[in-house]
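In this text, all values refer to a predicted model and were calculated from it rather than measured experimentally. Naming: A, B, ... by sequence-line order, numbering from 1 per chain.
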Protein chains: 2
Amino acid sequence: MNTHTEENYLKAIFNLSATKGEANVNELSRQLDIKMPTVNSMMKKLSDRGLIIYESYKPVRLTKKGQKEAAMIIRKHRLTEMYLVEKMGFGWDEVHDIAEQIEHVQSPEFFAKMDELLGYPKVDPHGSPIPDRNGKMEWTEYHKLNECKPGDTVIFKAVTHSSDDFLKFLNTRELLLETVIKVISIESFDGTITVEYNKRKQELLSNIVCDKILVSHKKTRSV
Amino acid sequence: MNTHTEENYLKAIFNLSATKGEANVNELSRQLDIKMPTVNSMMKKLSDRGLIIYESYKPVRLTKKGQKEAAMIIRKHRLTEMYLVEKMGFGWDEVHDIAEQIEHVQSPEFFAKMDELLGYPKVDPHGSPIPDRNGKMEWTEYHKLNECKPGDTVIFKAVTHSSDDFLKFLNTRELLLETVIKVISIESFDGTITVEYNKRKQELLSNIVCDKILVSHKKTRSV
DNA sequence: ATATAAAGTTAGAATATTCTAACAAAATTA
DNA sequence: TAATTTTGTTAGAATATTCTAACTTTATAT
Ligand SMILES: [Mn+2]
Ligand SMILES: [Mn+2]
Ligand SMILES: [Mn+2]
Ligand SMILES: [Mn+2]
């Protein structure tokens, strides 16, 4: 079994890899708030343990084994977040820090029970996919809201960053997952987007905010 | 804040103190499965931190501060056990190991929510009292089943030891908390007790089992 | 192509937690 | 009381995780 610490490194590598397929020491250092030499040592250790591929001066990649173990921690994290929101009544902006701790609990039964009580959810409260027991997860191809065109009607499906502040901001604007959003216009000089949703008209969202919002295009899908 | 490790020591001291009011190094060593010299070092550390009173060759006692902090961990442990049983459907024999881990979660909101969802319970699934937010707990005076006399009719209120094995044994005998038990006879040579409860007649319980069962005498209480 | 900056590494040290071996004190037994 | 057992302590070492300081390699900018 991995220690609490090793699990946090694996998870960070997994998350950084999500976009680029690899993670470098410098980014891990920032992400984990741990100095580079410390990260460097841990990379050697994880490499020795067969969890990552590591060669000096190169970015690290998870091995099959590392991938699987990281996915299981992410799975526990996201199941926990979902449980906290759906079964305990927390807001989506309140669950990350708690899940950050509970993800390390060693008890397959505990997470199996959560999964069951939740009805085997596929996504967490932030729209991120929950890996299944085998570490597989379905990535639906979403678009960033700041890449949509005026006239597009889209559905809010996920956030790419889930800091408390950002989520609380979305709360104040009534912007929840599954909200149908119509893109009205985009300012050419700063990318500010004007949208409509629910009963709100002429709502302004900065480009930075829209960069963190993932949407699917509203289309009638043949079932 | 205390580390995970320090919390486990505090809890062990608290539990051992429950009976004698103090704990010695040797017992702590056995309880925690940590060698005596290690426990000895930790006693110095906890003493330096003002959590216990410690003098060489003497048993340790919790200070006010240590008492309070230990009680808060016990509170989190017992609330968790209650939540797992009442809200997630686990058996009373399945929750200790999970609670042992979740008790270390740092999130007042998380435990406050559990408490609220449970309706502010006073006891855990094993009949042990749950300390309140101030660390106070109500100890009802129960009797051991092996100290009852033939003819007594009592109510099963708590277990003093909650190992999986023991609780599973009680499950197989349909012995749950609140069961009304009638003491029929006690063998003088080995203390084996014959009892009746539910629809079971002439049920035999060893003295060792009865030593771990706490009961209250069934009496009409004026309300 | 240099020079500068950024990223990565090595060396050495600190803290936390644990252990074994050896010794000392206290309690129990004879 | 003296011998023995149990309990407790000290010393010294190992592992895990982290840091700072100094150095090296790679990437970027002039
Ligand atoms: Mn999260
Ligand atoms: Mn974590
Ligand atoms: Mn317990
Ligand atoms: Mn614990």
Can you tell me how far the CG atom of A/Leu118 sits from the OH atom of A/Tyr83, to the nearest 0.5 Å?
7.5 Å
Okay, side chain of B/Ser17, backbone of B/Ile13: is any donor-acceptor separation there less than 3.5 Å?
yes
To the nearest Å, give me how far apart CD (A/Glu55) and P (C/dT9) are.
11 Å
So side chain to side chain donor-acceptor pair (under 3.5 Å) across residues 69-78 of chain B, not counting sequence neighbours, yields B/Asn2-B/Glu69, B/Arg75-B/Asp115, B/His77-B/Glu81, B/His77-B/His96, B/His77-B/Glu103
Determine whether a donor-acceptor pair (N or O, by modelled atom type, separation under 3.5 Å) exists between the side chain of A/Thr19 and the backbone of A/Leu16.
yes
Does B/Lys58 come within less than 4.0 Å of B/Glu22, counting only side-chain N to carboxylate O?
no
Which is true for B/Lys44 with a 4.0 Å heavy-atom rule: it touches a base, it touches only sugar-phosphate, or it touches nothing?
sugar-phosphate
Does B/Lys113 qualify as a cation-pi partner of A/Phe90, given the criterion of NZ or CZ under 6.0 Å from the six-membered ring centre and within 45 degrees of its axis?
yes
I'd like to know if the side chain of B/Trp92 pairs up with that of B/Asp124 as donor and acceptor (distance under 3.5 Å, no hydrogens or angles considered).
no
What does nucleotides 17-29 of chain C look like as a protein-contact string, B for base, S for sugar-phosphate only, - for none, at under 4.0 angstrom between heavy atoms?
SBBBB---S----
Side-chain N or O of B/Asn40 closer than 4.0 Å to phosphate OP1/OP2 of D/dG8
no
Using a distance-only test with no angle check, is there a side-chain donor-acceptor pair under 3.5 angstrom linking B/Thr192 and B/Asp190?
yes
For DNA chain D, determine which residues of residues 16-31 of chain B have any heavy atom closer than 4.0 angstrom to one of its atoms, and list them numerically.
B/Asn24, B/Val25, B/Asn26
